[in-house]
Amino acid sequence: MSEVLDIAVRLVVIVVVFLALPLVVGQMEHKVMAHMQSRLGPMYAGRFHGWAQLIADGVKFVQKEDVIPAAADRRVFALAPAVALVPYLVVLVVIPVGPGLFGVDLDAGLFFVLAVMGVGVLGAIMAGWASANKYSMLGGMRVAAQLVSYELPLVLAASSVAMAAGTLSLNGIVEQWRWWWLPWQAIGGVVFFVAGLAELRRPPFDMPIAESEIIMGPMTEYTGLRFALFMLAEYAGIVVLSALTTVLFLGGWHGPLLPGPVWTLLKVLALAFMVIWVRVSYPRLREDQLQKLAWVGLVPLALLQLALTGVVKLTL
(Lines give C-alpha, C1' and ligand atoms only; values in the text may rest on other atoms or scores of the structure.)
Protein backbone atom coordinates (compact mmCIF):
# COMPACT_ATOMS: atom_id res chain seq x y z
CA MET A 1 0.00 0.00 0.00
CA SER A 2 2.86 2.37 0.81
CA GLU A 3 4.38 1.76 -2.64
CA VAL A 4 1.08 2.61 -4.34
CA LEU A 5 0.77 5.74 -2.21
CA ASP A 6 4.33 6.78 -3.10
CA ILE A 7 3.61 6.41 -6.82
CA ALA A 8 0.34 8.32 -6.47
CA VAL A 9 2.04 11.20 -4.62
CA ARG A 10 4.80 11.40 -7.24
CA LEU A 11 2.26 11.51 -10.08
CA VAL A 12 0.22 14.22 -8.36
CA VAL A 13 3.33 16.35 -7.79
CA ILE A 14 4.39 15.94 -11.44
CA VAL A 15 0.94 16.96 -12.70
CA VAL A 16 0.89 20.02 -10.40
CA VAL A 17 4.35 21.06 -11.59
CA PHE A 18 3.30 20.47 -15.20
CA LEU A 19 0.29 22.73 -14.76
CA ALA A 20 2.03 25.44 -12.70
CA LEU A 21 5.49 25.97 -14.22
CA PRO A 22 4.34 26.67 -17.82
CA LEU A 23 2.00 29.34 -16.42
CA VAL A 24 4.87 30.83 -14.42
CA VAL A 25 7.00 30.95 -17.58
CA GLY A 26 4.11 32.51 -19.49
CA GLN A 27 3.73 35.21 -16.86
CA MET A 28 7.51 35.73 -16.87
CA GLU A 29 7.45 36.21 -20.63
CA HIS A 30 4.73 38.87 -20.33
CA LYS A 31 6.75 40.83 -17.78
CA VAL A 32 10.22 40.41 -19.29
CA MET A 33 9.03 41.46 -22.75
CA ALA A 34 7.08 44.35 -21.24
CA HIS A 35 10.28 45.70 -19.68
CA MET A 36 12.64 44.94 -22.55
CA GLN A 37 10.38 46.30 -25.30
CA SER A 38 8.53 48.97 -23.28
CA ARG A 39 5.22 47.19 -23.77
CA LEU A 40 2.91 48.88 -21.30
CA GLY A 41 -0.16 46.72 -21.99
CA PRO A 42 0.83 43.70 -19.83
CA MET A 43 1.48 46.06 -16.88
CA TYR A 44 -2.15 47.18 -16.41
CA ALA A 45 -4.27 44.06 -15.80
CA GLY A 46 -4.75 43.78 -12.02
CA ARG A 47 -3.00 47.13 -11.49
CA PHE A 48 0.07 46.10 -9.43
CA HIS A 49 2.63 45.23 -12.10
CA GLY A 50 -0.08 43.62 -14.20
CA TRP A 51 -0.30 40.50 -12.03
CA ALA A 52 -3.63 39.45 -13.57
CA GLN A 53 -2.50 39.49 -17.22
CA LEU A 54 -2.28 35.69 -17.44
CA ILE A 55 -5.75 35.36 -15.87
CA ALA A 56 -7.10 37.84 -18.41
CA ASP A 57 -5.61 35.77 -21.24
CA GLY A 58 -7.22 32.62 -19.83
CA VAL A 59 -10.63 34.29 -19.60
CA LYS A 60 -10.23 35.53 -23.19
CA PHE A 61 -9.54 32.00 -24.49
CA VAL A 62 -12.48 30.53 -22.57
CA GLN A 63 -14.87 33.12 -24.03
CA LYS A 64 -13.83 32.59 -27.64
CA GLU A 65 -16.03 30.42 -29.84
CA ASP A 66 -14.83 26.88 -30.55
CA VAL A 67 -14.89 26.75 -34.35
CA ILE A 68 -14.22 23.60 -36.37
CA PRO A 69 -14.08 23.90 -40.19
CA ALA A 70 -16.94 22.09 -41.92
CA ALA A 71 -14.60 19.95 -44.03
CA ALA A 72 -12.22 19.13 -41.17
CA ASP A 73 -11.58 15.65 -39.80
CA ARG A 74 -13.24 16.42 -36.48
CA ARG A 75 -11.66 13.62 -34.42
CA VAL A 76 -8.10 14.28 -35.57
CA PHE A 77 -8.67 18.04 -35.34
CA ALA A 78 -9.76 17.70 -31.69
CA LEU A 79 -6.97 15.25 -30.80
CA ALA A 80 -4.04 17.24 -32.27
CA PRO A 81 -3.61 19.76 -29.37
CA ALA A 82 -3.42 16.91 -26.85
CA VAL A 83 -0.83 15.06 -28.97
CA ALA A 84 1.27 18.24 -29.00
CA LEU A 85 0.96 18.73 -25.22
CA VAL A 86 0.99 15.32 -23.53
CA PRO A 87 4.56 14.27 -24.52
CA TYR A 88 5.96 17.04 -22.31
CA LEU A 89 3.98 15.71 -19.34
CA VAL A 90 5.36 12.23 -19.97
CA VAL A 91 8.93 13.58 -20.16
CA LEU A 92 8.60 15.22 -16.74
CA VAL A 93 8.05 11.79 -15.20
CA VAL A 94 11.73 10.86 -15.66
CA ILE A 95 13.43 14.23 -15.01
CA PRO A 96 15.13 14.24 -11.57
CA VAL A 97 14.60 17.34 -9.44
CA GLY A 98 16.78 16.33 -6.48
CA PRO A 99 18.43 13.25 -4.94
CA GLY A 100 15.69 10.62 -5.03
CA LEU A 101 13.13 13.16 -6.27
CA PHE A 102 11.85 11.86 -9.59
CA GLY A 103 8.83 10.01 -10.93
CA VAL A 104 10.63 7.04 -12.46
CA ASP A 105 14.34 6.33 -12.90
CA LEU A 106 14.68 4.53 -16.25
CA ASP A 107 17.97 2.89 -17.25
CA ALA A 108 17.44 4.28 -20.76
CA GLY A 109 15.88 7.54 -19.56
CA LEU A 110 17.70 9.71 -22.10
CA PHE A 111 16.52 7.59 -25.03
CA PHE A 112 13.00 7.64 -23.59
CA VAL A 113 13.00 11.44 -23.30
CA LEU A 114 14.30 12.03 -26.83
CA ALA A 115 11.84 9.51 -28.31
CA VAL A 116 8.80 10.93 -26.51
CA MET A 117 9.68 14.54 -27.38
CA GLY A 118 9.76 13.52 -31.05
CA VAL A 119 6.08 12.58 -30.81
CA GLY A 120 5.16 16.26 -30.51
CA VAL A 121 5.71 16.76 -34.24
CA LEU A 122 2.72 14.50 -34.87
CA GLY A 123 0.48 17.08 -33.20
CA ALA A 124 1.53 19.74 -35.72
CA ILE A 125 1.13 17.39 -38.69
CA MET A 126 -2.27 16.20 -37.45
CA ALA A 127 -3.45 19.78 -36.93
CA GLY A 128 -2.37 20.85 -40.41
CA TRP A 129 -3.84 17.83 -42.18
CA ALA A 130 -7.13 17.73 -40.25
CA SER A 131 -7.88 21.44 -40.78
CA ALA A 132 -8.89 20.90 -44.42
CA ASN A 133 -6.80 23.96 -45.27
CA LYS A 134 -3.93 23.65 -47.74
CA TYR A 135 -2.06 26.50 -46.07
CA SER A 136 -2.36 24.84 -42.66
CA MET A 137 -1.07 21.63 -44.23
CA LEU A 138 1.92 23.46 -45.69
CA GLY A 139 2.52 25.02 -42.27
CA GLY A 140 2.44 21.58 -40.65
CA MET A 141 4.97 20.26 -43.18
CA ARG A 142 7.27 23.23 -42.50
CA VAL A 143 7.08 22.48 -38.79
CA ALA A 144 7.90 18.82 -39.46
CA ALA A 145 10.87 19.73 -41.67
CA GLN A 146 12.20 22.06 -38.98
CA LEU A 147 11.89 19.44 -36.23
CA VAL A 148 13.56 16.75 -38.35
CA SER A 149 16.48 19.06 -39.16
CA TYR A 150 17.21 19.91 -35.53
CA GLU A 151 16.57 16.45 -34.08
CA LEU A 152 20.01 15.23 -35.20
CA PRO A 153 22.16 17.89 -33.43
CA LEU A 154 19.90 17.56 -30.36
CA VAL A 155 20.49 13.81 -30.14
CA LEU A 156 24.22 14.09 -30.86
CA ALA A 157 24.70 16.71 -28.13
CA ALA A 158 22.77 14.61 -25.60
CA SER A 159 24.80 11.52 -26.60
CA SER A 160 28.00 13.34 -25.65
CA VAL A 161 26.81 13.72 -22.04
CA ALA A 162 25.67 10.09 -21.91
CA MET A 163 29.11 9.02 -23.13
CA ALA A 164 30.81 11.18 -20.50
CA ALA A 165 28.63 9.81 -17.67
CA GLY A 166 28.68 6.21 -18.88
CA THR A 167 24.92 5.87 -18.42
CA LEU A 168 21.64 6.71 -20.14
CA SER A 169 19.82 7.27 -16.85
CA LEU A 170 19.09 10.95 -16.26
CA ASN A 171 19.50 10.44 -12.52
CA GLY A 172 22.81 8.67 -13.15
CA ILE A 173 24.04 11.48 -15.39
CA VAL A 174 23.43 14.07 -12.66
CA GLU A 175 25.15 11.89 -10.06
CA GLN A 176 28.23 11.53 -12.31
CA TRP A 177 28.37 15.25 -13.14
CA ARG A 178 31.40 17.23 -11.96
CA TRP A 179 32.02 21.00 -12.06
CA TRP A 180 34.71 20.70 -14.74
CA TRP A 181 32.10 19.33 -17.13
CA LEU A 182 30.88 22.93 -17.61
CA PRO A 183 33.77 23.91 -19.93
CA TRP A 184 34.21 20.35 -21.24
CA GLN A 185 30.60 19.96 -22.39
CA ALA A 186 29.96 23.65 -23.16
CA ILE A 187 29.77 23.15 -26.94
CA GLY A 188 27.25 20.36 -26.55
CA GLY A 189 25.21 22.43 -24.12
CA VAL A 190 24.92 25.34 -26.56
CA VAL A 191 24.03 22.99 -29.45
CA PHE A 192 21.41 21.21 -27.34
CA PHE A 193 19.79 24.45 -26.18
CA VAL A 194 19.73 26.07 -29.64
CA ALA A 195 18.37 22.91 -31.28
CA GLY A 196 15.73 22.71 -28.56
CA LEU A 197 14.65 26.29 -29.29
CA ALA A 198 14.28 25.39 -32.96
CA GLU A 199 12.20 22.31 -32.12
CA LEU A 200 9.91 24.46 -29.98
CA ARG A 201 9.57 26.96 -32.85
CA ARG A 202 10.65 29.75 -30.56
CA PRO A 203 12.12 32.96 -32.02
CA PRO A 204 14.37 33.32 -33.93
CA PHE A 205 13.20 29.93 -35.27
CA ASP A 206 9.46 30.70 -35.47
CA MET A 207 9.04 30.94 -39.25
CA PRO A 208 6.09 28.48 -39.48
CA ILE A 209 4.00 30.59 -37.07
CA ALA A 210 5.55 34.04 -37.55
CA GLU A 211 3.49 37.21 -37.60
CA SER A 212 4.83 38.01 -41.05
CA GLU A 213 3.34 34.83 -42.55
CA ILE A 214 -0.09 34.56 -44.14
CA ILE A 215 -1.11 31.95 -41.60
CA MET A 216 -0.09 30.75 -38.15
CA GLY A 217 1.26 27.42 -39.33
CA PRO A 218 -0.87 24.37 -38.53
CA MET A 219 -2.80 26.30 -35.84
CA THR A 220 -4.57 28.63 -38.27
CA GLU A 221 -8.03 27.09 -37.89
CA TYR A 222 -7.85 26.68 -34.10
CA THR A 223 -9.69 28.95 -31.69
CA GLY A 224 -10.53 29.17 -28.00
CA LEU A 225 -9.27 26.49 -25.65
CA ARG A 226 -7.87 24.30 -28.42
CA PHE A 227 -5.58 27.16 -29.46
CA ALA A 228 -4.74 27.75 -25.79
CA LEU A 229 -3.59 24.11 -25.51
CA PHE A 230 -1.08 24.71 -28.31
CA MET A 231 0.18 27.77 -26.43
CA LEU A 232 0.40 25.74 -23.21
CA ALA A 233 2.37 23.10 -25.11
CA GLU A 234 4.87 25.77 -26.15
CA TYR A 235 5.43 26.94 -22.57
CA ALA A 236 5.54 23.35 -21.30
CA GLY A 237 8.20 22.72 -23.94
CA ILE A 238 10.24 25.64 -22.58
CA VAL A 239 10.07 24.11 -19.09
CA VAL A 240 11.10 20.68 -20.38
CA LEU A 241 13.95 22.07 -22.52
CA SER A 242 15.24 24.12 -19.58
CA ALA A 243 14.97 21.13 -17.23
CA LEU A 244 16.78 18.79 -19.62
CA THR A 245 19.55 21.33 -20.24
CA THR A 246 19.89 21.70 -16.47
CA VAL A 247 20.08 17.94 -15.89
CA LEU A 248 22.42 17.17 -18.78
CA PHE A 249 24.79 20.13 -18.84
CA LEU A 250 24.43 22.21 -15.66
CA GLY A 251 24.61 19.53 -12.98
CA GLY A 252 20.94 19.35 -12.08
CA TRP A 253 20.57 19.71 -8.32
CA HIS A 254 24.32 20.25 -7.68
CA GLY A 255 25.12 23.60 -6.06
CA PRO A 256 26.39 25.16 -2.82
CA LEU A 257 24.40 26.11 0.27
CA LEU A 258 20.85 25.79 -1.09
CA PRO A 259 18.88 22.50 -1.18
CA GLY A 260 19.15 20.48 -4.42
CA PRO A 261 15.56 21.02 -5.66
CA VAL A 262 15.97 24.77 -5.19
CA TRP A 263 19.06 24.75 -7.38
CA THR A 264 17.21 22.78 -10.06
CA LEU A 265 14.32 25.25 -10.04
CA LEU A 266 16.64 28.28 -10.15
CA LYS A 267 18.56 26.87 -13.12
CA VAL A 268 15.34 26.04 -14.97
CA LEU A 269 13.96 29.55 -14.45
CA ALA A 270 17.28 31.12 -15.50
CA LEU A 271 17.24 29.15 -18.75
CA ALA A 272 13.58 30.03 -19.32
CA PHE A 273 14.58 33.68 -18.93
CA MET A 274 17.25 33.15 -21.59
CA VAL A 275 14.62 31.72 -23.96
CA ILE A 276 12.59 34.90 -23.53
CA TRP A 277 15.68 37.11 -23.82
CA VAL A 278 16.61 35.46 -27.14
CA ARG A 279 13.09 36.07 -28.42
CA VAL A 280 13.37 39.78 -27.70
CA SER A 281 16.95 40.23 -28.90
CA TYR A 282 17.40 38.38 -32.20
CA PRO A 283 15.68 38.81 -35.58
CA ARG A 284 13.87 35.92 -37.21
CA LEU A 285 15.89 33.66 -39.52
CA ARG A 286 14.90 32.88 -43.10
CA GLU A 287 14.09 29.27 -43.96
CA ASP A 288 17.38 28.75 -45.79
CA GLN A 289 19.30 30.27 -42.87
CA LEU A 290 17.51 27.91 -40.48
CA GLN A 291 18.51 24.82 -42.47
CA LYS A 292 22.07 26.07 -42.95
CA LEU A 293 22.48 26.66 -39.21
CA ALA A 294 21.37 23.10 -38.49
CA TRP A 295 23.42 21.20 -41.06
CA VAL A 296 26.46 23.46 -41.50
CA GLY A 297 26.69 24.82 -37.97
CA LEU A 298 25.17 22.67 -35.24
CA VAL A 299 25.76 19.17 -36.62
CA PRO A 300 29.56 19.67 -37.06
CA LEU A 301 29.76 21.25 -33.59
CA ALA A 302 27.87 18.32 -32.07
CA LEU A 303 30.23 15.87 -33.80
CA LEU A 304 33.20 17.89 -32.53
CA GLN A 305 31.80 17.60 -28.99
CA LEU A 306 31.42 13.84 -29.40
CA ALA A 307 35.03 13.54 -30.60
CA LEU A 308 36.27 15.71 -27.71
CA THR A 309 34.33 13.60 -25.22
CA GLY A 310 35.80 10.42 -26.67
CA VAL A 311 39.35 11.80 -26.39
CA VAL A 312 38.86 12.94 -22.81
CA LYS A 313 37.30 9.61 -21.78
CA LEU A 314 40.21 7.68 -23.29
CA THR A 315 42.85 9.82 -21.60
CA LEU A 316 41.30 9.80 -18.10
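Note that this is a predicted model, so its numbers are computed, not measured. Values below: all heavy atoms of this structure, side chains included; hydrogens, waters and symmetry mates excluded.
Phe192 places a side-chain heavy atom less than 4.5 Å from the side chain of Leu241. Using a 4.5 Å cut-off on side-chain heavy atoms (C-beta onward), Trp177 and Val161 make no contact. The shortest side-chain heavy-atom distance between Leu250 and Leu182 falls under the 4.5 Å cut-off. Side-chain contact between Pro69 and Asn133 is absent, with no heavy atoms from C-beta onward closer than 4.5 Å. Residues Leu170 and Leu248 have side chains in contact (heavy-atom distance under 4.5 Å, counting atoms from C-beta outward). Between Val119 and Leu122, the closest side-chain pair of non-hydrogen atoms falls below 4.5 Å. Counting only heavy atoms from C-beta outward, the side chains of Val94 and Val113 approach each other to under 4.5 Å. Using a 4.5 Å heavy-atom threshold, the side chains of Val116 and Tyr88 count as separate.
Separating the CE atom in Met207 from the CD atom in Gln146 is a distance of 5.0 Å, to the nearest 0.5 Å. Atom CD1 of residue Ile173 and atom CZ of residue Phe249 lie 9.0 Å apart, to the nearest 0.5 angstrom. Here OG of Ser131 is found 10.5 Å from CE of Met219. Values are rounded to the nearest 0.5 Å. Note that the CH2 atom of Trp129 and the CZ atom of Phe77 stand 12.5 Å from one another [nearest 0.5 Å]. Atom CG of Leu244 and atom CE of Met117 lie 6.0 Å apart (nearest 0.5 Å). To the nearest 0.5 Å, atoms CG (Leu21) and OH (Tyr235) are separated by 14.0 Å.
The hydrophobic cluster containing Met216 does not contain Met141, counting ILVMFWY residues as joined when their side-chain heavy atoms lie under 4.5 angstrom apart, directly or transitively. Tracing side-chain contacts under 4.5 Å through hydrophobic residues (I, L, V, M, F, W, Y), one reaches Leu200 starting from Tyr282; they form part of the same cluster. One hydrophobic cluster, built from ILVMFWY side chains closer than 4.5 Å, cannot hold both Leu89 and Val268; they sit in different ones. Cluster annotation: Val278 and Val275 are assigned to the same hydrophobic cluster (Ile/Leu/Val/Met/Phe/Trp/Tyr, side-chain heavy-atom contacts under 4.5 Å, transitive). A continuous path of hydrophobic side-chain contacts links Val25 to Phe273 [ILVMFWY only; heavy atoms under 4.5 Å].
Of all heavy-atom pairs spanning Phe230 and Ala80, the tightest one is CZ-C, 4.2 Å. Among all heavy-atom pairs drawn from Leu271 and Phe193, the shortest one is O-CZ, 3.8 Å. Smallest separation of non-hydrogen atoms from Gly217 and Thr220: O-OG1, 2.8 Å. Across all their heavy atoms, Leu23 and Leu54 have their closest contact at O-CD2, 3.2 Å. Of all heavy-atom pairs between Pro22 and Val17, the closest is CD-O, 3.7 Å. Between Ala243 and Ile95, the shortest heavy-atom distance links the atoms CB-CD1, 3.9 Å.
In this structure, Val148 shares a hydrophobic cluster with no other residue, the cluster being traced through Ile, Leu, Val, Met, Phe, Trp and Tyr side chains under 4.5 angstrom apart.
Between Ser136 and Glu221, the side chains place no donor N or O within less than 3.5 Å of an acceptor N or O (distance only, hydrogens not considered). At a cut-off of 3.5 Å, with distance as the only test, a side-chain donor of Thr309 or Gln185 sits close to an acceptor on the other residue. Using modelled atom types and a 3.5 Å distance limit, the side chains of Asp105 and Ser169 yield a donor-acceptor pair. No side-chain donor from either of Gln176 and Thr167 sits under 3.5 Å from a side-chain acceptor of the other.
One N or O on the side chain of Tyr150 and one on the backbone of Leu290 form a donor-acceptor pair closer than 3.5 Å. Put simply, the side chain of Gln305 never gets that close to the backbone of Ala302: no donor and acceptor are under 3.5 Å apart. Between the Gln27 side chain and the Trp51 main chain, a donor and an acceptor come within less than 3.5 Å of each other. Without hydrogens or angle criteria, Lys267 side chain to Gly252 main chain gives a donor-acceptor distance under 3.5 Å. For Lys64 (side chain) and Thr223 (main-chain N/O), no donor-acceptor pair under 3.5 Å exists by modelled atom type. Thr246 places no side-chain N or O within donor-acceptor distance of the main-chain N or O of Thr264, the cut-off being under 3.5 Å.
Of the charged side-chain nitrogens involved, none lies within less than 4.0 Å of a carboxylate oxygen, so that Arg201 and Glu234 do not count as a salt-bridged pair. Under 4.0 Å is where a charged nitrogen must lie from a carboxylate oxygen, and between Lys292 and Glu287 no such pair does.
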Test log, rule side chain to side chain contact (heavy atoms under 4.5 Å, CB included), inputs Phe111 and Leu106: CA-CA 9 Å; Phe111 276 167; Leu106 298 178; over 6 Å; no

Applying side chain to side chain contact (heavy atoms under 4.5 Å, CB included), run through Tyr222 and Val67 and close with a yes or a no. CA-CA 7 Å; Tyr222 283 86; Val67 179; over 6 Å; no

Check step by step if side chain to side chain contact (heavy atoms under 4.5 Å, CB included) holds for Arg75 and Leu79. CA-CA 6 Å; Arg75 291 184 178 179; Leu79 188 60; over 6 Å; no

Please evaluate residues Arg284 and Asp206 with respect to the criterion side chain to side chain contact (heavy atoms under 4.5 Å, CB included), reporting the C-alpha separation (whole Å), side-chain torsions for both, the decisive distance (0.1 Å), and the verdict. CA-CA 7 Å; Arg284 183 176 299 118; Asp206 63 333; 2.7 Å; yes

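Using the six-membered ring where Trp is involved, Trp184 and Trp181 have ring planes that are perpendicular, over 60° apart on the 30 and 60° scheme. Note: Phe61 and Phe227 have tilted aromatic rings, judged against thresholds of 30 and 60 degrees for the angle between ring planes.
Enclosure of atom CH2 in Trp180 by more than 12 non-hydrogen atoms of other residues, nucleotides or ligands within 6.0 angstrom is indicated. Shown here is Met36, whose CE atom has more than 12 heavy atoms of other residues, nucleotides or ligands within 6.0 Å. The number of heavy atoms from other shown groups lying within 6.0 Å of CE (Met231) is above 12. The neighbour count for Asp66 CG, taken as heavy atoms of other residues, nucleotides or ligands under 6.0 Å away, is above 12.
His254 and Trp263 have their aromatic ring centers separated by at least 6.0 angstrom.
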